[in-house]
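Written below as structure tokens is the structure these notes are about.
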Amino acid sequence: MSERVRVRFAPSPTGPLHIGGVRTALFNYLFAKKHGGDFILRIEDTDQKRFVEGAEEYVINSLNWAGIPHNEGQGVGGEYGPYKQSERMHLYKEYADYLLENDKAYYAFDSSEELTEARERSQKEGKTFAYDSITRQYLKNSTSLSADEVKERIDNGEAYVIRMKLPRNEEVRFYDEIRGWVIVNTANMDDKVLYKSDGLPTYHLANIVDDHLMKITHVIRGEEWLPSAPLHVLLYKYLGWEDSMPKFAHLPLILKPDGKGKLSKRDGVKGGFPVFPLEWKDPASGEISAGYREDGYFKEAFVNMLAFLGWNPGTEQEIFSLDELVEAFSLDRVGKSGAKFDPVKTKWYNEQFLRMKSNEELASLLKPLIDFEVEDGYLAQVSELLKERAVFVSDMTEDSFYFEAPTEFDEKTIRKKWKENTPSIIEAMIAKFEGIQDFSSENVEVAFKQYLTDNELGMGAVLPNFRVLVTGKGMGPSMFQIAAILGKEETLNRLKSGLQKFK
């Protein structure tokens with residue numbers, strides 16, 4: 001690409017950032033990094049009625065946690081700021097005025113009650129109301145009123161909005177980097193409000209102006225904005241910016257696990273999985289919504305999962321580092337169809353990244369979660385065993401027998417496996433173990449199997465009782481490894497102590 005790639009993520013601070021928004025940010029980040037460009041964060045806060053305290057900080061914290069920070073924009077700065085729309089209000093009116101002066105927009109004075117009446121009339125006639133080239137002739141606006149009446153209304157301070165003036169029966173064509181050519185007739189569009197009666201621009205005008213002034217080269221956003229894209233294309237044309245218009249790419253929806261509809265917060269509550277990157281506390285109600293970070297997901301697993309919601313690398317590879325994602329990513333591998341969210345697969349990703357962690361790193365993550373004073377080296381050995389059976393680091397806290405002798409023993413194992421001759425079998429096994437000089441897992445296994453051979457015993461007659469006396473569990477990792485980690489003295493003490501209890 002000849003020009004420097006500049007993409008933006010432009011959320012509204014109306015609440016917590018849904019994973020669909022994070023996915024949009026991720027794809028923008030990957031595209032920018034792939035092409036050596038800029039990833040910009042712009043806060044679109046023109047809808048002050050829906051503004052939520054703390055939402056902007058939440059967005060920034062979420063991107064930073066996921067490891068996809070912006071290199072320009074709100075909180076970082078840059079030469080095209082400010083990057084918050086509420087601080088750019090002085091910019092938008094001149095462009096609305098330009099459209100008015102060039103007959104590409106008009107004043108509309110209709111009250112909300114009058115518009116409601118117009119909708120109700122259309123419904124009675126079996127039609128869907130649209131403020132367009134036909135209905136505008138009968139409504140209260142500067143295309144149907146005389147110039148003198150329009151001036152009088154404005155001079156008298158009457159409330160008005162500025163609407164886009166769409167042509168009648170004209171095809172709007174643009175190329176979408178994911179969907180190919182999109183063609184929409186203006187007969188199926190309406191005259192959107194560009195400037196509201198409160199003096200604030202709508203998203204349609206503000207985002208076009210900002211994208212142009214910030215020299216955005218590619219607009220990568222969710223599919224929900226696809227119906228608005230033809231309007232935006234016309235705005236670029238009417239403002240004289242058609243030659244510098246960015247390329248568009250509309251990402252597929254993230255669907256519910258059953259594929260029926262868009263994934264929502266309610267689906268997460270119902271299914272027991274987060275739909276937000278970080279935990280969110282609603283400032284109004286105090287309600288707390290789960291977050292991936294607080295639920296124990298690694299950011300690498302979270303990002304890997306998001307990347308595969310709508311994109312595929314064209315290979316069998318499923319586990320990617322962020323650098324590998326940057327290298328592999330391209331918009332032509334993004335699909336058009338909605339992507340089903342799979343909570344089971346999401347856990348699988350976390351499991352894979354957990355196993356890829358070093359024993360030392362896992363030990364450092366595990367240490368704050370346990371109530372036992374243990375050496376780091378010992379905890380690293382324990383982590384090596386535990387990580388093969390865990391999805392989250394918190395799962396590794398469930399086996400307390402690594403840190404203290406069991407006080408409870410699996411009843412099912414005792415009931416089925418503890419026989420009249422078990423005490424004598426265990427005593428003989430203890431004697432065999434006492435002869436082991438180097439209490440490694442390999443030596444414990446050799447001694448154990450030799451003991452079985454010498455005494456013509458089956459594995460099932462000894463191993464379950466060996467396990468239950470040392471760990472209290474009926475199942476688990478290799479007992480030879482567990483014994484080696486616990487050490488000779490501790491293993492023998494547990495066997496002797498347990499034996500006394502069941503004698």
Side-chain angles (χ1 to χ4, degrees), residues 1 5-11 17-41 62-63 65-70 175-182 216-226 229 246-259 261-263 273-277 292 297-350 352-353:
M1 297 184 181
V5 165
R6 290 176 58 79
V7 299
R8 49 67 166 182
F9 177 52
L17 184 62
H18 186 277
I19 61 170
V22 187
R23 196 268 311 261
T24 297
L26 172 64
F27 284 15
N28 275 277
Y29 174 91
L30 296 177
F31 186 81
K33 293 299 178 184
K34 176 72 174 283
H35 298 288
D38 298 309
F39 173 48
I40 300 150
L41 175 66
S62 295
L63 298 184
W65 171 71
I68 52 173
H70 56 292
Y175 187 81
D176 186 281
E177 299 297 309
I178 295 170
R179 298 159 194 281
W181 283 103
V182 177
I216 301 302
T217 60
H218 296 76
V219 171
I220 304 170
R221 58 188 178 185
E223 180 183 310
E224 62 270 23
W225 292 111
L226 185 59
K247 295 179 179 179
F248 291 98
H250 290 87
L251 307 175
L253 293 175
I254 298 179
L255 305 176
K256 303 171 188 279
D258 63 5
K262 186 177 178 181
L263 182 70
F273 55 82
V275 295
F276 303 128
Y292 278 86
Y297 286 87
F298 295 116
K299 63 181 181 181
E300 300 94 332
F302 175 68
V303 165
N304 215 124
M305 172 271 291
L306 287 182
F308 274 78
L309 288 176
W311 171 83
N312 76 80
T315 66
E316 296 299 314
Q317 184 177 350
E318 291 189 275
I319 301 298
F320 286 79
S321 68
L322 190 57
D323 287 341
E324 288 174 328
L325 283 174
V326 169
E327 183 63 29
F329 185 79
S330 65
L331 288 174
D332 59 9
R333 299 298 309 177
V334 177
K336 303 184 183 91
S337 303
K340 286 196 293 186
F341 174 78
D342 186 345
V344 175
K345 187 73 172 184
T346 304
K347 287 185 177 181
W348 178 85
Y349 280 118
N350 208 68
Q352 304 312 305
F353 277 98

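The basis for the numbers below is simple: all heavy atoms, side chains too, and nothing from hydrogens, waters or symmetry mates.
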How about Ile220 and Lys247: do any of their side-chain heavy atoms sit closer than 4.5 Å? no
Aromatic rings His250 and Phe248: how do their planes relate, parallel, tilted or perpendicular, breaks at 30° and 60°? parallel
Enter the distance from Glu318:CD to Lys345:NZ here, rounded to the nearest 0.5 Å. 3.5 Å
Surrounding NZ of Lys34 (heavy atoms of other residues, nucleotides or ligands, distance under 6.0 Å), is the total greater than 12? yes
Are the side chains of Ile68 and Asn28 in touch, meaning some heavy atoms are under 4.5 Å apart? no
Side chains of Glu300 and Gln352: does their closest heavy-atom pair fall under 4.5 Å? no
Correct closest heavy-atom pair for Leu263 and His18 would be O-NE2, 3.1 Å
Between Thr24 and Gly222, which heavy-atom pair has the shortest distance, and what is it? OG1-N, 4.3 Å
Heavy-atom pair with the smallest gap, counting every atom of Pro252 and Val334: CD-CG1, 3.7 Å
Working to the nearest 0.5 Å, report the span between CG of Asp38 and OG1 of Thr217. 9.0 Å
Do Phe308 and Phe320 have side-chain heavy atoms sitting under 4.5 Å apart? yes
Pair Glu223 + Arg179: basic N to acidic O under 4.0 Å: yes
Return the minimal non-hydrogen interatomic distance between Pro246 and His218, and the atom names on each side. CB-N, 3.9 Å
Once the angle between the rings of His70 and Phe39 is folded into 0 to 90°, is it parallel (under 30°), tilted (30 to 60°) or perpendicular (over 60°)? perpendicular
Supply the atom-to-atom distance Trp348 CH2 to Asp342 CG, rounded to the nearest 0.5 angstrom. 11.0 Å
Ignoring hydrogens, what is the shortest heavy-atom contact between Val219 and Arg8? Give both atom names and the distance. CG1-NH2, 3.6 Å
With a 6.0 Å cut-off (strictly less than), is the heavy-atom count around NZ of Lys336, excluding the residue itself, greater than 12? no
Within the 4.5 Å heavy-atom criterion, are Pro313 and Leu325 side-chain neighbours or not? no
How long is the gap from OG1 on Thr346 to OH on Tyr297, to the nearest 0.5 Å? 6.0 Å
With heavy-atom distances below 4.5 Å as the criterion, would you say the side chains of Phe9 and Leu63 are in contact? yes
Less than 3.5 Å apart, any donor N or O on the side chain of Asp323 or Ser321 sitting next to an acceptor on the other? no
Between Tyr292 and Ile19, does a side-chain contact (heavy atoms from CB on, under 4.5 Å) hold up when you go through it step by step? CA-CA 10 Å; Tyr292 278 86; Ile19 61 170; 3.8 Å; yes
Which atom names give the shortest non-hydrogen contact between Ala339 and Gly310, and what distance separates them? CB-N, 3.5 Å
Is atom CD of Glu224 surrounded by more than 12 heavy atoms (other residues, nucleotides or ligands) closer than 6.0 Å? yes
Gap between atom CG of Leu322 and atom CG of Leu26 - 0.5 Å precision: 7.5 Å
Let me confirm one number: the CD1-CG distance from Ile178 to Leu251, rounded to the nearest 0.5 Å. 4.5 Å
Ring centres of Phe329 and Phe27 under 6.0 Å apart? yes
Mutual orientation of the aromatic rings belonging to Phe341 and Phe273 [parallel < 30°, tilted 30-60°, perpendicular > 60°]: tilted
Any side-chain heavy atom of Tyr349 sitting closer than 4.5 Å to one from Ile319? yes
Compute the ring centroids of Phe353 and Phe298, then answer whether they are less than 6.0 Å apart. no
With heavy-atom distances below 4.5 Å as the criterion, would you say the side chains of Pro69 and Leu41 are in contact? no
